[in-house]
Amino acid sequence: MPLRPTAAALLTAVTLALATAAPDAAVASPTTASVPPSAAAATSGGFQQVTGFGTNPGNLAMYTYTPAGLPAGAPLVVALHGCVQSATDYYRSSGWTKFADQYGFAVVFPQTSSVNNSLSCFSWFDAGKAARGVGEARSVVEMVTKAESLYGSDARRVFVTGLSAGGGMAADLLADYPDVFAGGAIDSGLPAHCATTQAAASGCQNSDQGLTPAQWGDKVRAAYPGYTGQWPRVAIWQGTADTVVRPVNATELRDQWTNVQGIARQPTSTRSLPGGTTQELYADASGKPAVGLFTVSGMGHGLAVHPGTGADQCGATGAYFLDTICSGYYTAQFWGLDGGSGPTDPGLPAPIGLTATAATGSVTLGWQDVSGAASYRVFRGGTQVGAPSGTAFTDTGLAAGTTYSYTVAAVDGSGAVGARSTAVTATTPGGGTPQCFTASNYDQVLAGRASRSGGLTYALGSGQSMGLWNTFVTHTLKQTGPGYYVLADGQC
């Protein structure tokens, strides 16, 4: 991509020019604030920049998010932003951090810049940057190696996802490095190696390339000749009203990856999901879904998110973050990050009526029975803590004055884990009277009750937004547990 493209080139689909929004995309400017760099540590948690991760031939920046206390052997997800976005935008709005906390994995957020591409697009269309061993593709894999070293991530459970140009790069990475990535998700993106030159990119975005499934599959097989291992599990997300990356790309992606997997193009199961979404799964010979196509009716160009506190909600709306369905929730299930083996067909529904009653050192849970359930799994903060056969469970040995979050899933007779319930919280008694602290955002951060990122302030633990980091904005924070603060203006 030339560093100084012509005005016409900027408006072409070659760069996935997201500056011209899809009709239903939000028009708010994306957040571009940086975060203070620091040495990453698996025990510290949070969003931070990591330097010195390799030779970095693609001139990318590496950011990571790690839940506090992340154990060794956890999965790793690489999340690639779209054009005119940054790693900070994707960290803030994609929803992946919610599931990193809930299911227990680290997230790498690669970032390109206007130095590489005038619109900060990943170069999915450039054979010199998106092939095995070179450019941006190599830089991303160097980040994976660095993250595995820092956090002790499980090299067998590394996944990559991306939006738009990031989705195109994710597809290329799955083809280039099937020995690195166990699965991927391509959101409003392009088939792997659809284009290898700038001139060919516009056609990929806008029209049917007229290739057979075998020809699409050959593009993947040619990316790493001689590879004989297992191919990644691939989820494809596409809006039917996308005018930047036309829906035909989802069909081509389906054809490409079913061919690579050696499976039929007819779905083995189809079901409706929230947000006008249709899920089609394509299972391999063992019955395990290998390709998933998620089509969102009426959605334009962007990443499907659904803000809220429900188990199947995530993210924040903004430019190219569209409120339809939480794609991260279903992608994490598809990959098996929720502790299951992937989506079931159609799967037991989530238990309802979950209640939590706290006592000294324990929390007792109850929920309604799910027809067909052989047992249940209970999760505290995303980690399984029980497998009762009935609809009640008591979690013991808990700290006093601490807030805990729980979800429950039903398990069928074959051992398949169904959808998780909406989360509930309970606070164990004791630990003294909750303390309140009223101070400026600047002083709250200095006192360790809040954190700062990109000029904004967030309550420690709850992550509630407190506004600008300065001495003029004042809030009251209430401590409800160790290292956990909530906004309590006018309540103390």
Side-chain angles (χ1 to χ4, degrees), residues 31-53 60-81 85-111 143-144 146-153 158-159 161 314-316 328 332 337 381-383 402-405 437 441-470 475 477 479-487:
T31 303
T32 56
S34 61
V35 296
S38 63
T43 57
S44 64
F47 182 62
Q48 52 209 326
Q49 186 173 10
V50 177
T51 58
F53 55 85
L60 303 180
M62 176 181 178
Y63 292 83
T64 66
Y65 176 80
T66 52
L70 181 71
L76 178 68
V77 172
V78 177
L80 299 157
H81 64 77
Q85 293 180 334
S86 67
T88 303
D89 297 326
Y90 227 60
Y91 158 70
R92 288 277 179 230
S93 299
S94 67
W96 277 107
T97 56
K98 171 179 178 175
F99 302 110
D101 290 337
Q102 184 172 339
Y103 300 147
F105 57 83
V107 187
V108 171
F109 293 95
Q111 179 173 287
M143 294 181 197
V144 170
K146 182 70 171 183
E148 290 173 348
S149 173
L150 288 173
Y151 312 129
S153 303
V158 180
F159 304 87
T161 180
C314 71
L337 292 180
T383 300
T402 304
T403 300
Y404 296 95
S405 176
F437 305 88
N441 283 353
Y442 178 83
D443 289 329
Q444 298 281 25
V445 172
L446 290 186
R449 297 185 290 267
S451 62
R452 174 177 68 92
S453 179
L456 298 176
T457 311
Y458 300 88
L460 192 67
S462 68
Q464 292 176 302
S465 177
M466 300 167 59
L468 294 173
W469 182 63
N470 58 36
H475 284 294
L477 293 177
Q479 185 174 11
T480 61
Y484 198 95
Y485 297 84
V486 297
L487 281 170

Quiz item: So, for C314 and S94, which heavy atoms are closest and what is the spacing to 0.1 Å?
Solution: SG-O, 4.1 Å
Exercise. Only counting residues at least two apart or in another chain, list the ones meeting ring pair (Phe, Tyr, Trp, His ring centres under 6.0 Å) with Y442.
Key: W469
Quiz item: How many angstroms lie between OH in Y90 and OG1 in T161, if you round to the nearest 0.5 Å?
Solution: 5.0 Å
Quiz prompt | Residues in side-chain contact (heavy atoms from CB on, under 4.5 Å) contact with A147, at least two apart in sequence or another chain | solution = M62, L76, V108, Y151
Exercise. State, to 0.1 Å, how close L477 and R449 come at their nearest heavy-atom pair, and which atoms those are.
Key: CD1-O, 3.6 Å
Quiz prompt | Closest heavy-atom pair and its distance - P110, H81 | solution = O-CD2, 3.4 Å
Quiz item: Just wondering, do T66 and Q48 contact through their side chains at under 4.5 Å, heavy atoms?
Solution: yes
Quiz prompt | From NZ (K146) to OG1 (T51), nearest 0.5 Å | solution = 7.0 Å
Exercise. With rounding to the nearest 0.5 Å, note down the distance linking OH in Y91 to OH in Y65.
Key: 6.0 Å
Quiz item: Does any N or O in the side chain of N441 come within less than 3.5 Å of the main-chain N or O of L468, such that one atom is a donor and the other an acceptor?
Solution: yes
Quiz item: Is the backbone N or O of F437 less than 3.5 Å from a side-chain atom of Q444, with the two atoms forming a donor-acceptor pair by type?
Solution: yes
Exercise. On the 0 to 90° scale, with breaks at 30° and 60°, tag the F47-F109 ring pair as parallel, tilted or perpendicular.
Key: perpendicular
Quiz prompt | Shortest non-hydrogen separation from S86 to Q111 and the atoms involved | solution = CB-OE1, 3.4 Å
Exercise. Output the distance between atom NE2 (H475) and atom OG (S465), rounded to the nearest 0.5 Å.
Key: 7.5 Å
Quiz prompt | Any residue meeting ring pair (Phe, Tyr, Trp, His ring centres under 6.0 Å) with F99, in chain and number order, not counting sequence neighbours | solution = Y103
Quiz item: Looking only at heavy atoms, what is the nearest atom pair of G448 and L460, with distance?
Solution: O-CD2, 3.2 Å
Quiz prompt | N470 side, atom CG; T457 side, atom OG1 - distance, nearest 0.5 Å | solution = 7.5 Å
Self-check item: Spacing of Q464 atom CD and L487 atom CG [to the nearest 0.5 Å]
Solution: 4.5 Å
Quiz item: Of all heavy-atom pairs between G104 and A74, which one has the smallest distance, and what is that distance?
Solution: O-CB, 3.5 Å
